[in-house]
Amino acid sequence: MTEVVLSETLAAAHARLAAALHAAGRDEHAAQLLAVSKTKPARMVRDAYRHGQRDFGENYLQEALDKQAELADLTDIVWHFIGPLQSNKTRAVAEHFDWVHSVDREKIARRLSEQRPEHLPALNVCLQVNISGETSKSGVSPERLDTLVSAVIEMPGLALRGLMAIPAPAATLAEQRAPLARLRQALEALQKRYPRAPLDTLSMGMSDDLEAAIAEGATLVRLGTAIFGARR
Ligand SMILES: *Cc1c(COP(=O)(O)O)cnc(C)c1O
């Protein structure tokens with residue numbers, strides 16, 4: 001496979017995001033790009049950084065820690081953990097990331113909060129919601145979301161920033177939008193209930209459904225393939 005030219009794919013991703021925001025009648029700064037660099041080498045992350053990208057998403061802990069060590073000179077990178085998270089990995093995630101998007105259980109949240117080093121600001125957290133039903137094993141069910149929120153919002157090591165979802169693939173724009181709309185409505189309900197919480201983040205939209213996600217209010221779109229090329 002020929003390697004992508006990151007200056008071009010990043011510019012195209014920014015143009016695509018800007019067009020989607022414009023079409024949705026939203027401010028041009030209302031959503032940001034999270035570059036999902038899983039399976040891609042550190043030198044591609046460095047290249048994207050050189051072209052202005054700062055927020056990067058990783059799914060696999062050891063791979064991410066290796067890249068972070070290699071890129072330690074880039075001190076203003078913002079690292080987001082977006083993959084499934086087991087208990088035995090929480091300490092390293094609490095110590096080495098700025099955000100976690102995939103929190104779906106109280107036990108995991110509590111460990112992250114307790115293990116967050118005191119010299120660091122609170123760990124930014126999105127709760128992953130299983131918005132399409134059975135198709136995914138990850139994510140808290142919509143019925144259990146309120147209970148999880150009421151626990152997480154009290155945890156001193158965490159800043160609850162919003163919600164994340166990975167909807168089931170859908171063929172049409174309308175079918176893509178339906179679950180994304182449910183995630184937006186869930187966040188709006190939380191914002192009403194907790195008006196002083198920093199609940200400002202809707203992490204949704206990937207390479208195949210960015211336009212649907214922006215139409216439904218996404219504030220952080222997670223693009224992998226569109227920026228770094230296909231994964232093996
Ligand atoms: C891999 C991944 C992405 C990026 O997906 P693309 O389709 O390559 O853009 C986004 N979010 C999560 C949680 C992922 O695991």
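First listed ligand is number 1; within each ligand, the first listed atom is number 1. In this text the structure is predicted, and so the values were computed from the model without any measurement.
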Query - Hphob cluster co-occupancy, F81 + L163, side-chain heavy atoms under 4.5 angstrom - result: yes
Query raised in the report: Is it true that H101 lies under 4.0 Å from ligand 1, counting heavy atoms only?
Result: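 No, H101 has no heavy atom closer than 4.0 Å to ligand 1.
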Report task. Please answer whether the main-chain N or O of E216 pairs with a side-chain N or O of R184 as donor and acceptor at a distance below 3.5 Å. Result -> yes
Query raised in the report: Does the Q53 side chain pair with the main chain of L33, one donor and one acceptor, at a distance under 3.5 Å?
Result: yes
Look at [atom] and say which protein heavy atom is nearest, naming residue and atom and giving the distance to 0.1 Å.
{"atom": "atom 9 (O) of ligand 1", "value": "S207 OG, 2.5 Å"}
{"atom": "atom 14 (C) of ligand 1", "value": "K38 NZ, 3.0 Å"}
{"atom": "atom 8 (O) of ligand 1", "value": "T225 OG1, 2.6 Å"}
{"atom": "atom 11 (N) of ligand 1", "value": "R222 NE, 2.8 Å"}

Query raised in the report: Should one rank E58, M206, R231 by closest heavy-atom distance to atom 3 (C) of ligand 1, which comes out on top?
Result: M206
Query raised in the report: For ligand 1, is there an N or O atom under 3.5 Å from any N or O atom of M164?
Result: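 No, M164 has no N/O under 3.5 Å of an N/O on ligand 1.
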Query raised in the report: Are any of the N or O atoms of D208 closer than 3.5 Å to those of ligand 1?
Result: no
Query raised in the report: In ligand 1, which numbered atoms sit nearer than 4.0 Å to a non-hydrogen atom of L223?
Result: 9 (O)
Query raised in the report: With a cut-off of 4.0 Å, which atoms of ligand 1 are near a heavy atom of N59?
Result: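 The list of qualifying atoms is 14 (C), 15 (O).
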Query - Evaluation steps, side-chain contact (heavy atoms from CB on, under 4.5 Å), between T39 and R232 - result: CA-CA 8 Å; T39 81; R232 278 177 210 280; over 6 Å; no
Query raised in the report: Counting heavy atoms only, which part of I82 comes closer than 4.0 Å to ligand 1: side chain, backbone, both or neither?
Result: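 Both backbone and side chain.
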Report task. Select one of side chain, backbone, both or neither to describe which atoms of I166 lie under 4.0 Å from any atom of ligand 1, heavy atoms only. Result ->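 Side chain only.
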Query - Identified side-chain hydrogen bond (donor to acceptor under 3.5 Å, both in side chains) partner of H80 from the options N59, D55, N124 - result: D55
**Report entry** Whether F56 and W79 hold their rings parallel, tilted or perpendicular, with breakpoints at 30° and 60°
**Finding:**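 Plane angle between 30° and 60°, so tilted.
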**Report entry** K38 with E63: basic N within carboxylate O range, under 4.0 Å
**Finding:**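 Here K38 does not pair with E63 in a salt bridge, since their nearest N and O are not under 4.0 Å apart.
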Query raised in the report: Are D146 and R193 ion-paired here, with the side-chain N under 4.0 Å from a carboxylate O?
Result: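 Between R193 and D146 there is a salt bridge, with a charged N closer than 4.0 Å to a carboxylate O.
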